[in-house]
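Following: one structure in C-alpha cells, then a few remarks.
These values consider heavy atoms only, across backbone and side chains, with no hydrogens, waters or symmetry-generated copies. Quantities reported herein were computed from a predicted structural model and do not represent experimental measurements. Residue numbers start from 1 in every chain, and the chains themselves are labelled A, B, ... in the order their sequence lines are given, proteins ahead of strands.
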Amino acid sequence: MPELPEVETVRRGLDGLVSGQKITALRIDYNRMIKSDLTTFKNNLINQTIHEVNRRGKYLLFELGEQTLISHLRMEGKWLSYLSTDIPDNKHFHGFFDLSNGQTLVYQDVRKFGTMELVRTDKLADFFADKRIGPEPTETDFNLRTFQHQLSGSQKKIKPYLLDQSLVAGLGNIYVDEVLWLAKIHPSEIARHLSAKKVAELRGAVIHILEKAVKYGGSTIRSYKNALGLDGTMQDYLQVYGKTGQPCARCGTPIEKYKLAGRGTHFCPKCQKLKKV
DNA sequence: CGGGATGTTGAGCA
DNA sequence: GTGCTCAACATCCC
C-alpha cells in the first residue's frame with residue numbers, strides 16, 4: 001500500500017498511537033527485512049521512546065532521538081496495533097514491538113519486500129541523499145526551475161523518470177498515471193520534449209494529485225483487511241488507473257493499457273498524445 | 001494447472 | 001550515465 005498518500009495516512013494513524021510510548025520488547029521473525037545490523041537493531045531499539053512518527057517520500061521515520069527507525073512498506077507492508085495479550089496468529093506477521101501502554105505494534109508483510117533499518121538521526125540527510133530521493137511534492141520544496149532544468153536535459157521517458165524518486169519523492173504506479181493523465185502527457189514522452197509550460201503543468205498536477213490523495217486517505221485497492229489508517233477513498237476518484245476500456249472522463253475515448261519499463265501503464269490515447277519527433 | 005500481474009526498489013549487465 | 005531485465009516473495013485471476 002505504498003505511495004506517498006498511503007504512507008502519509010499510515011503515518012498519521014501511527015503517530016497518534018505510538019507517540020510518547022516506550023518500546024519495552026521486540027521480536028523479529030524475518031531477519032532479512034532488517035537492513036542494518038540485526039543485533040544492534042534490537043539492542044538499540046529496546047527501551048527507546050518513540051517521540052513521533054514522520055515521513056520522507058515513501059519512508060516512515062520513527063523518531064527515537066539519537067536514532068531513527070526507518071520503515072519502507074514496499075508493496076504490501078502494513079503496521080497494525082493490537083492489545084499485547086490479544087495478538088492473532090498470522091503467518092505474515094514478521095515484527096512485534098511491545099509498547100509501554102500495553103499495545104503491540106505488529107509489522108505485517110505478505111510479500112516480505114518491506115525493509116527496516118536503524119540510522120543515526122544526524123545521518124538521515126545522508127541516507128536520503130545517497131538514495132537520490134528528491135524534494136517533497138509541495139509548493140515550497142518542489143522547485144519549478146530545478147524540475148524544468150532536470151527534464152530539459154534528459155532523454156528519459158517521463159513516467160519511468162518520475163517513478164525513480166529523484167525528481168520528486170512519493171509517486172508510485174497509481175498516481176504517476178493519474179498525474180500524466182491530468183497534465184495530458186503521454187507516459188512515454190521524452191522528458192526534454194516537454195515545453196516549459198507543460199513542465200509547469202506537470203509539477204502542478206503532481207502536487208495536486210498527491211495532496212488530493214492524502215486528503216482522501218489514499219487508495220485502498222487490493223488491500224483485503226483494513227490495515228492501520230488504510231480506509232482510503234481516493235480509489236473513487238481515479239481517472240485512468242485500473243480503468244482499461246472505460247471511457248476517458250474528458251473525451252470519452254477508451255482508456256488503454258500497455259507495459260512501460262515493466263509497469264502496467266494506463267492512459268487516454270486521445271488526450272495524451274506523443275509529440276511528433 | 002500455467003502464466004501473468006500486483007500500490008517498490010535495487011542489483012547486474014550491455 | 002542509461003535502460004533493460006530480473007530478483008526479492010506471496011497471492012490472485014484468468
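Between B/dT9 and A/K131, no contact under 4.0 Å exists linking OP1 or OP2 to a side-chain N or O. Residue A/Y241 places at least one side-chain N or O closer than 4.0 Å to OP1 or OP2 of B/dG7.
Across every strand in view, C/dC4 sits in a pair with B/dG12 that passes the Watson-Crick or G-U test at under 3.5 angstrom.
For A/H72 and A/Y59, the gap between ring centers is short of 6.0 Å. Ring to ring, A/Y107 and A/W79 are close: their centroids are under 6.0 angstrom apart.
Residues forming a side-chain hydrogen bond (donor to acceptor under 3.5 Å, both in side chains) with A/Q103 (at least two apart in sequence, or on another chain): A/S81.
As rounded to the nearest Å, B/dT6 and C/dG3 have C1' atoms that lie 23 Å from one another. As rounded to the nearest Å, B/dT9 and C/dT11 have P atoms that lie 22 Å from one another. For the P atoms, the distance from B/dC1 to C/dA8 is 22 Å, rounded to whole Å. B/dG7 and C/dC4 have their C1' atoms separated by 22 Å, with the value rounded to a whole Å.
Relative to the ring axis of A/F127, A/K131 places its NZ or CZ within 45° and under 6.0 Å from the centre.
By the 4.5 Å heavy-atom criterion applied to side chains, A/L238 and A/I221 are counted as neighbours.
With distances taken from any side-chain atom of A/V110 to the nucleotides C/dA10, C/dC9, B/dG7, the minimum falls on C/dA10. The A/H92 side chain lies nearest to C/dT11 when the options are B/dT9, C/dC9, C/dT11.
Residue contacts for A/R263: at a heavy-atom cut-off of 4.0 Å it reaches a base atom on one of the strands shown.
Near DNA chain C, meaning a heavy atom under 4.0 Å from it, residues 143-161 of chain A has A/Q155, A/K156 in order of number.
Taking for each of A/R111 and A/L163 the nucleotide of DNA chain B with the nearest heavy atom, the 5'-most of the two is the partner of A/R111.
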